[in-house]
Amino acid sequence: MEVGCNTYSLRSLPRCDAFAQLHELGFTAAELWAGHANYLSIGISARQVAAEASRNGIALRVYCIGGLFGMRPRVVEDRLARAFDFARKLDVGLVTGVLDRAAVRLADARAQRQGVRFALENHWYTEVARPRDVLAALDDCSPAVGAAIDTGHFAFLGCDPAAAARLLGRRVLHVHLKVVRRPVVAARLLQQLRKRHQMEPSLPGPGDGLEAFASALRGAGYAGMLAVEHEGHDDLSEALTRYRCRAETLASALDSPVAPEALGA
């Protein structure tokens with residue numbers, strides 16, 4: 001089981017500085033955020049980006065393209081095609097992103113055509129926000145498309161990430177490991193009304209529920225990455241170090257043999 005970091009966590013830094021910082025913090029793998037290497041930019045070389053990461057001791061495993069929701073289908077399909085092509089040139093086989101439910105079939109067809117996989121993210125303010133929304137969106141899709149569980153977005157809505165992992169089971173292709181402060185329902189509704197989508201970041205530790213989440217992933221046979229994704233800006237090095245240590249502990253538990261009764265549950 002590999003532990004990595006989404007470079008979105010270092011969004012305030014230029015790409016090369018972000019890679020260098022990840023290396024200093026003990027990470028050896030990363031999910032590359034499109035803000036650090038935009039597939040729509042003219043003149044950017046995916047191969048040079050991958051080489052830059054490698055020089056800093058970072059292996060790129062996943063390409064995160066962010067939100068493509070609320071767009072016309074033709075625009076979404078064009079962007080997916082370009083993003084998937086960029087990912088292949090990065091030598092990355094998994095792309096994550098946020099889509100409207102109707103666009104998931106487009107992603108499935110395009111992913112199969114271009115030889116990559118796509119993992120659908122759950123963001124609390126979209127129509128694919130809750131575990132059953134994700135499951136419904138993936139209905140009848142090929143194995144080229146699955147779920148990218150963001151533990152923070154599920155927790156923000158009051159959903160149990162462990163229950164989400166059990167429900168989505170082997171459809172889980174990727175994990176964004178994130179801890180946030182859960183608001184009261186009225187506060188969340190007010191945020192949604194005002195279109196303030198930011199979540200208040202927190203740090204992993206006692207009571208974060210991640211052991212149960214990791215146990216549920218283990219029962220589902222998950223073998224992807226645990227990608228740390230921190231929303232905060234303050235004391236970033238300390239926060240990401242704490243996240244890395246937490247993720248490594250969870251990954252060790254995931255790598256342990258599964259008891260026969262867990263497989264049959």
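Nothing here was measured: the structure is a model prediction, and the numbers come from that model.
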Side-chain contact, heavy-atom cut-off 4.5 Å: Leu99 with Val128?
no
Other residues, nucleotides and ligands only: do more than 12 of their heavy atoms fall within 6.0 Å of CD on Glu248?
yes
Measure up the Phe118 and Phe84 rings against each other and bin them: parallel (under 30°), tilted (30 to 60°), perpendicular (over 60°).
tilted
Do Cys64 and Leu32 come within less than 4.5 Å of each other through their side chains, counting heavy atoms only?
no
Any Met199 side-chain heavy atom under 4.5 Å of His153 side chain
yes
Could you go through the side chain to side chain contact (heavy atoms under 4.5 Å, CB included) check for Val172 and Leu217 one step at a time?
CA-CA 8 Å; Val172 181; Leu217 286 178; 4.2 Å; yes
How about Asp100 and Thr126: do any of their side-chain heavy atoms sit closer than 4.5 Å?
no
Tell me, yes or no, whether the heavy-atom count around Glu238 atom CD, taken from other residues, nucleotides or ligands under 6.0 Å, exceeds 12.
no
Identify whether the distance between the nearest side-chain nitrogen and carboxylate oxygen of Lys178 and Glu229 falls below 4.0 Å.
yes
More than 12 heavy atoms from other groups under 6.0 Å of CZ on Arg11:
yes
Just so I know, are the side chains of Val180 and Pro201 near enough to count as touching, which here means a heavy-atom distance under 4.5 Å?
no
Pick from Tyr39, Tyr8, Tyr63: which one makes a ring pair (Phe, Tyr, Trp, His ring centres under 6.0 Å) with Trp33?
Tyr8
Around Asp17, counting heavy atoms of other residues, nucleotides and ligands shown, do more than 12 lie under 6.0 Å from its CG?
yes
Start with the C-alpha distance between Val62 and Val95, add both sets of side-chain angles, then the distance that settles side chain to side chain contact (heavy atoms under 4.5 Å, CB included), and finish with yes or no.
CA-CA 6 Å; Val62 185; Val95 176; over 6 Å; no
Taking C-beta and beyond as the side chain, do Arg166 and Asp160 meet within less than 4.5 Å on heavy atoms?
yes
Any idea which heavy atoms bring Arg130 and Cys159 closest together, and the distance?
NH1-SG, 3.4 Å
pair Asp133-Asn122: side-chain heavy atoms closer than 4.5 Å
no
Sub-4.5 Å side-chain heavy-atom contact between Thr7 and Leu22
yes
Please report the C-alpha distance between His174 and Glu31 in whole Å, then the side-chain angles of each, then the deciding distance to 0.1 Å, and finally whether the side chain to side chain donor-acceptor pair (under 3.5 Å) criterion is met.
CA-CA 10 Å; His174 190 58; Glu31 177 178 3; 2.8 Å; yes
Answer yes when Arg246 and Glu211 have at least one side-chain N-carboxylate O distance shorter than 4.0 Å, and no when they do not.
yes
Closest non-hydrogen contact found for Ala129 with Phe154 is O-CE2, 3.1 Å
So that I can tick it off, tell me whether Asp78 and Arg82 are bridged by a salt bridge, with the cut-off set at under 4.0 angstrom between side-chain N and carboxylate O.
yes
Can a salt bridge be assigned to the pair Arg15 and Glu52 using a cut-off of 4.0 Å between side-chain N and carboxylate O?
yes
Greater than 12 external heavy atoms within 6.0 Å of His23's NE2:
no
